[in-house]
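Please read the structure below before turning to the comments.
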Amino acid sequence: MLKRTHTCGELGKEHIDTTVNLNGWVNTVRLHGQVIFIDLRDRYGKTQIIFNSDDYSDDFESVKKLSIEDVLSIKGTVQARGEGAVNPDMSTGDIEVMVDSMELLSETTPLPFVITDRESASEDLRLKYRYLELRTEELQYNIITRHKAYQAVRGFLSDNDFLEVETPILMKSTPEGARDFLVPSRLHQGKFYALPQSPQIYKQILMISGFDRYFQIVKCFRDEDFRADRQPEFTQIDVEMSFIDEEDIFENMENMTRYVFKEVIGTDLPDPFPRISYDKAMSKYGSDKPDTRYELFLQNVKQFTDMSEFNAFKSAECVKAIVVSGGAKYSRKNIDELTDVVKTFNAKGLAWMKMEEGQLTGGISKFFGDDLQKELISSTGMCDGDIIFLIGDERSVTEKSLGALRVEIAKFEDLADKNDFKPLWVTEFPMFENDEKSGNLTFLHHPFTSPTSSNIEDLDSDPLSMKARAYDLTMNGYEIAGGSIRIHSSELQNKVFSLLGLTVEEAKEKFGFLVEALSYGAPPHGGIAFGFDRLVMLLTGSNNIRDVIAFPKTTSAVSLMDDAPDSVSKEQLDDLGIQLKKKK
């Protein structure tokens, strides 16, 4: 192999007449009689190299047999491209390399898909041959962007007195909202470690230990049901601070986010970030992570449906609507597809009316008299050519359904600019909600979140009305970070555990070490965790989280490349004292 002197992305006019060695993959081959043009590629870029039978000193016939993705090492002389041959789309487009000698380092077998065209293969096939897909320009860009984001985060936090501290990967299983991945212990048979869903407890203990500014870019693990935008293992930017309140979190994390976007993709974010309460976000957008790049708002229309003859909404707790400008063009098929969307959020159906020549037509319009139509049109701001969609149900069903409809319509109408970034803090979350299955109280964030009141009597009187000192940072319809001010009183922490249905014994068994630590002088503290994969997804303009992870799992948590998860030998199970049984 010839030791490379330059990469395939750095040669320019200043290198003309220089002898260079390049190593890389064959990206394209173009045969022109006794002249062969090849684009040689590495992660830095591409360089056009030329084999001319008159000047090439080695076996020219062997060059004709080269295939795309063969690995070459070449020596040659840089020359300017001919007039009209300059390629402005290549960083090296002003030059080319006339090859003197070549060594074929590795010959490829027939490819399972075309590397230069990701769409030529299904995602499952590309994931099976992930090492080939990672050669594509798009994924190389994504992984390089991910690296830049890592460095920007580390640089910013380190420069602002945050200490990077590693926390254990093998820990105690604790109930934090999702199933744990369990790791059986060989030395302590019958007992299990858990992989961390987050370093939540450890970072709180670090605050109690006196490390007032902590961060970690850390792997987390959650054994959740299949979801398109989730991975069983994912990466967080984990942050915790002592002697602070919400404003300190907002200021530091806004500064970090602005720094990352500026450093990595050269984009300026607003200063400060806007804020909205959870209740207002749900009421206006139908989502606690609203996409504010477009104006498509939920409107309360119950007063009008109550005056109409449409009885299906009369008993509904909440009736809201979305007006889509120009939506009168929607066909019945379009409306049926949108109806299917809202039904996945438990809506019973989707009512609609179109506005044509100053009147509402179609759908449920016949139940609205002329005067009522005029009032509804005036209130909602409808114009000719618009369509209005209505849902009536419990408030949570109505708002979440219309929120999902809003997102679907935005995709259909192409309302969102992917180069526009709209950060938004969502605040004042409920402290508790009712678990639909058990009917018991459950936490919205996690059980260590502080309520807005430290008065224990307030928790007893009406816990469902209690707000949490919790906050999410959202952007373009994604939650990119979530956190809270933590409980730093052992008495208050035990009270919250009891409201969540944990007995004193259960709380002590699961969280006793934390509660005990809180009794030894715990500072007021709080923090946040960024979903690093989602953050990189936004930075790259991708809409698939798997495109920004080097070796992702499928939506069914399988790694197609290496066939994980896989069975293990009986001997390994015997060492662990484990016997498998069939699931009923």
**Study point:** Donor-acceptor pair, side chain of Glu254 and main chain of Asp271, under 3.5 angstrom
**Key:** no
Check your understanding: Measuring from Asp238:CG to Gln200:CD, what's the distance to the nearest 0.5 Å?
Key -> 7.5 Å
Check your understanding: What do the steps show when you test Arg258 against Asp268 for salt bridge (charged side-chain N to carboxylate O under 4.0 Å, His left out), and what is the final call?
Key -> CA-CA 7 Å; Arg258 275 191 292 270; Asp268 292 308; over 6 Å; no
Point to revise | Over-ring placement of Arg154 relative to Phe215, 6.0 Å and 45° cut-offs | key: no
Check your understanding: Counting only heavy atoms not in Lys508, do more than 12 sit closer than 6.0 Å to its NZ atom?
Key -> no
Exercise for review: Decide if atom OH of Tyr259 counts as having more than 12 heavy atoms of other residues, nucleotides or ligands within a radius under 6.0 Å.
Suggested key: yes
Exercise for review: Please indicate whether Lys422 has more than 12 foreign heavy atoms, meaning atoms of other residues, nucleotides or ligands, lying under 6.0 Å from its NZ.
Suggested key: no
Review point. In this structure, are over 12 heavy atoms from other groups packed under 6.0 Å from Phe211 atom CZ?
Key: no
Practice item. Answer yes or no: are there more than 12 heavy-atom neighbours, outside Lys302 itself, under 6.0 Å from its atom NZ? Key: yes
**Study point:** Donor-acceptor under 3.5 Å (Arg406 side chain, Asp291 main chain)
**Key:** yes
**Study point:** Spacing of CD belonging to Glu337 relative to CZ belonging to Phe412, to within rounding of 0.5 Å
**Key:** 8.0 Å
Point to revise | Lys/Arg-Asp/Glu bridge criterion (N-O < 4.0 Å) met for Glu133, Arg126 | key: yes
**Study point:** Polar side-chain atom of Gln493 near backbone of Pro447 as donor-acceptor pair, under 3.5 Å
**Key:** yes
Study note, to complete from the structure: For Glu506, the side chain to side chain contact (heavy atoms under 4.5 Å, CB included) test, sequence neighbours excluded, returns Leu502, Thr503
Review point. Does the ring-ring contact (aromatic ring centres under 6.0 Å, His included) test come out yes or no for Phe156 and Phe162, once each step is laid out?
Key: CA-CA 9 Å; Phe156 176 88; Phe162 287 84; 7.7 Å; no
Point to revise | Residues in side chain to side chain contact (heavy atoms under 4.5 Å, CB included) contact with Leu134, at least two apart in sequence or another chain | key: Arg130, Leu139, Ile143, Phe551
**Study point:** Interatomic distance, Asp472 atom CG to Ile528 atom CD1 [nearest 0.5 angstrom]
**Key:** 7.5 Å
Review point. Does CD in Glu394 sit with more than 12 non-hydrogen atoms of other residues, nucleotides or ligands closer than 6.0 Å?
Key: no
Review point. Counting distance only, does the side-chain N/O of Thr540 pair as donor-acceptor with the main-chain N or O of Met537 below 3.5 Å?
Key: yes
Check your understanding: Is any NZ, NE, NH1 or NH2 atom of the basic residue among Lys280 and Glu428 found under 4.0 Å from an Asp or Glu carboxylate oxygen of the other?
Key -> no
**Study point:** Criterion side chain to side chain contact (heavy atoms under 4.5 Å, CB included) on Gln197 and Arg179, from CA distance to verdict
**Key:** CA-CA 8 Å; Gln197 295 183 32; Arg179 293 186 188 89; over 6 Å; no
**Study point:** NZ/Lys314: more than 12 non-hydrogen atoms of other groups inside 6.0 Å
**Key:** yes
